[in-house]
Amino acid sequence: EVVHVGKDSMRRNEWVADFGRKLSQVAYTHDRSQPVMIYISMHGSVDADGVACLLPPNSSPADSATWIPLPALLCEIKQFQGGLIPLKKI
């Protein structure tokens, strides 16, 4: 099953919140005998503080406030992993 996250018009915090909601939905309905694969396709950059970020479709390449910090995304995945389904390292 493919679950799409976010819309091109979403701001950074909206996208991260939608990502978290979708992970929760997957965790609730997922057959735990099968792996979960998370695939995200976005450009990346590093902000002025050296934090790796993803640039969603509606972000401004010149405004890091519109970027998604990778630690925020990893935090959502860690919550998913820690409480619900063990993720396998590949």
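- Taking the side chain as every heavy atom from C-beta outward, N58 and T66 never approach each other to under 4.5 Å.
- Residues passing the salt bridge (Lys or Arg N to Asp or Glu O under 4.0 Å) test with D47, sequence neighbours excluded: none.
- Cluster annotation: L54 is not connected to V51 through the hydrophobic network of ILVMFWY side chains, with a link wherever side-chain heavy atoms come within less than 4.5 Å.
- The distance from atom NZ of K78 to atom CG of L23, rounded to the nearest 0.5 Å, is 15.0 Å.
- What you find for I40 and F19 is that their closest heavy atoms are CD1-CE1, 4.0 Å.
- Taking every heavy atom of both residues into account, A52 and P71 meet most closely at O-CD, 3.9 Å.
- The minimum heavy-atom distance linking E14 with R21 is given by the pair O-NH2, 4.4 Å.
- Contact record, M42 with L55: CB-O, 3.7 Å, taken as the closest heavy-atom pair.
- The shortest non-hydrogen separation linking P61 to W67 is O-CZ2, 3.1 Å.
- Placement of I68 and V46 in two distinct hydrophobic clusters is found when ILVMFWY residues are connected by side-chain heavy-atom separations under 4.5 Å, directly or transitively.
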